[in-house]
Amino acid sequence: MTSQDDRTPVIIGVGQAAERPTDADYRALSPADLAGEAARAALADAGALGDLAAALDVIVAIRQFEISSPGARAPFGASNNFPRSVAKRIGADPARAILEITGGQGPQRLVGEFCEAISRGEARAVLLVGSEAMSTVLTLNAKGEAPDWSETVEGSLEDRGYGLEGMFTPSILKHRITGAIPAYALFENARRARLGLDRPTYARRMGELFAPFTRVAAANPYSASPVEKTAEELVTVSDKNRIVADPFTRMLVARDQVNQAAAVILTSVGVARTLGVSEDKFVYLHGQGDANELTIMERPDLSASPSAIAAGRKALELAGRTVDDMAVFDFYSCFPIAVFNMIDGLAIAPDDPRGLTLTGGLPYFGGAGNNYSMHAIAEAVAALRARPGAFGFVGANGGMLSKYSAGVYSTTPADWSRPEARRAKIPYDPVPGLEVDTATGEATVETYTTTTTRSGPAIVVIARLPDGRRAAANQASEAVFGELAAREPIGRRVRLETDAEGFNRFTFID
């Protein structure tokens with residue numbers, strides 16, 4: 001099989017859809033309706049002369065945030081078979097309907113999986129699709145409206161489960177690290193300490209990293225927040241830009257209140273030609289690396305994710321390209337550390353003239369739940385079609401820097417005669433026994449953040465015990481908050497004590 005053999009996988013269509021409550025033509029679409037809009041846009045983008053919708057034999061849907069954990073419930077109801085709900089809207093009847101696991105790595109990971117399936121003759125035409133309508137949920141709730149978005153659709157469904165294993169540990173959860181914002185804040189502060197920077201200097205660097213993202217978002221018609229901001233505006237604390245977890249202001253974190261959808265259509269070259277798709281639509285995946293990371297308490301270094309970097313390097317290696325060969329990038333940008341980690345590891349400057357985002361990034365374009373990177377892929381396809389022969393890189397992150405998928409794309413044909421030469425999973429070995437659930441005695445602060453829960457604000461630290469094991473601990477006293485404000489906490493000695501309820505509490509002792 002040559003690079004243009006009939007079984008060579010190729011992207012032939014991409015589509016996006018979005019609406020804002022402030023739009024004049026706002027329709028308050030459900031997730032399924034938004035996904036249908038994006039799928040129709042992808043079909044139109046392919047420009048097939050034949051019936052492409054009828055040719056789809058696989059539809060894979062990304063989970064909305066509201067159905068991404070066992071206890072989550074969609075406030076207005078949901079489809080019992082989301083991929084088939086989308087299929088119904090575009091006149092498709094695929095043999096397989098799949099619901100992917102939770103995580104922002106999903107769209108990129110699925111491109112690699114189904115490129116491989118197509119190259120092996122296990123699929124012919126595949127639609128990948130996802131959507132979020134969280135902004136509409138909030139808007140309608142505020143109005144006291146409660147539409148019924150529930151649907152019952154007949155047909156098989158391959159539900160891959162939630163895939164939440166390894167994101168949190170019981171001790172981390174118990175001590176108030178219960179979501180992405182405080183978890184990434186731990187990583188961000190650890191990186192700052194590794195670089196030896198004080199808090200104002202590091203804040204400025206976060207703002208300088210993300211200010212160019214806002215310029216891209218401001219020009220993107222699908223952006224949830226198309227407003228250009230300066231670096232200073234992004235990091236200056238105010239009533240509208242409060243600290244959500246030290247060191248993050250609200251403007252530095254992913255914006256999940258969006259109404260956005262995106263879709264990608266993959267076929268074999270043979271199917272595309274049979275359907276009359278013009279070859280100027282063809283974009284090929286040249287290399288993909290997938291990786292999982294150790295749990296937060298197992299990682300040797302809390303300031304980085306080596307597995308994510310390895311995934312990016314593997315994608316470039318399998319594509320036979322280097323960072324210098326890339327014309328465009330889109331790095332997953334839920335928080336600054338997610339971008340810093342990759343550009344540190346790939347030796348890319350924060351102000352690289354090629355730019356680090358194609359969409360405008362999750363805080364400004366919008367963090368469309370698990371589906372953000374479908375938008376990134378759609379933008380990459382459009383950018384590369386406009387620059388035939390150029391190469392682009394998409395990095396997709398999931399969990400707590402837990403899962404990463406990276407892909408390298410081009411209009412230049414790729415040889416998929418040996419799928420294992422195009423897609424690889426990075427192995428990793430767990431390091432059990434590093435986490436201590438309860439701890440008493442002296443320890444050294446490795447990283448920290450602040451959180452706010454129903455019981456009020458608290459400081460959370462990850463501390464190293466003398467034997468190298470880690471313990472999480474928290475404290476809410478005014479004296480400890482005063483110490484945090486007055487002095488750098490990382491590297492300081494603390495005394496840990498376990499209270500009657502099994503919580504580790506800390507006090508500074510140096």
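Just so you know, these numbers use all the heavy atoms, side chains as well, and skip hydrogens, waters and symmetry mates.
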According to salt bridge (Lys or Arg N to Asp or Glu O under 4.0 Å), who are the partners of D280, at least two apart in sequence or on a separate chain?
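Counting only residues at least two positions away or on another chain, D280 forms no salt bridge (Lys or Arg N to Asp or Glu O under 4.0 Å).
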Output all residues satisfying salt bridge (Lys or Arg N to Asp or Glu O under 4.0 Å) with R84, sequence neighbours left out; order by chain, then residue number.
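With neighbours one apart ignored, the set is D93.
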Show, in sequence, the C-alpha distance, side-chain angles and deciding distance for Q64 and F82, and conclude whether the side-chain contact (heavy atoms from CB on, under 4.5 Å) test is met.
CA-CA 10 Å; Q64 289 84 46; F82 190 79; 3.3 Å; yes
[X] side chain to [Y] backbone, donor-acceptor under 3.5 Å:
X	Y	result
T267	R124	no
Q288	V408	no
E188	I337	yes
D57	A95	no
T357	G360	yes
N371	M374	no
E379	A376	no

If you define the side chain from C-beta out and look only at heavy atoms, does anything of [X] sit under 4.5 Å from [Y]?
X	Y	result
S69	T102	no
I243	F248	no
R422	L318	no
F210	P336	yes
P70	L164	yes
I177	L186	yes
D325	L316	no

Evaluation steps, side-chain hydrogen bond (donor to acceptor under 3.5 Å, both in side chains), between Y372 and D330
CA-CA 11 Å; Y372 164 79; D330 192 275; 2.8 Å; yes
Is the NZ or CZ atom of R20 positioned over Y26's six-membered ring, under 6.0 angstrom from the centre and within 45° of the axis?
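Geometry flag: not set, cation outside 6.0 Å or 45°.
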May I have all residue pairs that pass ring pair (Phe, Tyr, Trp, His ring centres under 6.0 Å) and include part of residues 135-154, sequence neighbours excluded?
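Non-adjacent pairs meeting ring pair (Phe, Tyr, Trp, His ring centres under 6.0 Å): F76-W149.
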Measure centre to centre between the rings of H375 and Y222, then say whether the value is under 6.0 Å.
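H375 vs Y222: aromatic centres not under 6.0 Å.
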Would you please indicate if the ring centroids of F391 and Y409 are separated by under 6.0 Å?
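No.
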Charged N to carboxylate O under 4.0 angstrom, [X] versus [Y]?
X	Y	answer
R255	E132	no
R89	D33	yes
E113	R109	yes
D45	R40	no
E116	R418	no
R273	E279	yes

From S135 atom OG to Q257 atom CD, the distance as rounded to the nearest 0.5 Å
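One gets 6.5 Å once the value is rounded to the nearest 0.5 Å.
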Pair R63, L99 - check side-chain contact (heavy atoms from CB on, under 4.5 Å), show working.
CA-CA 7 Å; R63 289 179 183 274; L99 189 61; 3.6 Å; yes
Parallel, tilted or perpendicular: which fits the ring planes of Y184 and F187, with parallel below 30° and perpendicular above 60°?
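Perpendicular: the ring planes of Y184 and F187 meet at over 60°.
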Are I62 and L110 close enough, and set up right, to give a side-chain contact (heavy atoms from CB on, under 4.5 Å), and what steps lead you there?
CA-CA 10 Å; I62 300 295; L110 289 169; 3.6 Å; yes
Should R96 and I98 be marked as a side-chain contact (heavy atoms from CB on, under 4.5 Å) after you check the CA-CA gap, both sets of side-chain angles, and the distance that decides it?
CA-CA 6 Å; R96 298 177 66 192; I98 301 169; 3.4 Å; yes
Smallest separation among heavy atoms of S268 and V271, with atom names
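S268 and V271 have their closest heavy atoms at OG-N, 3.0 Å.
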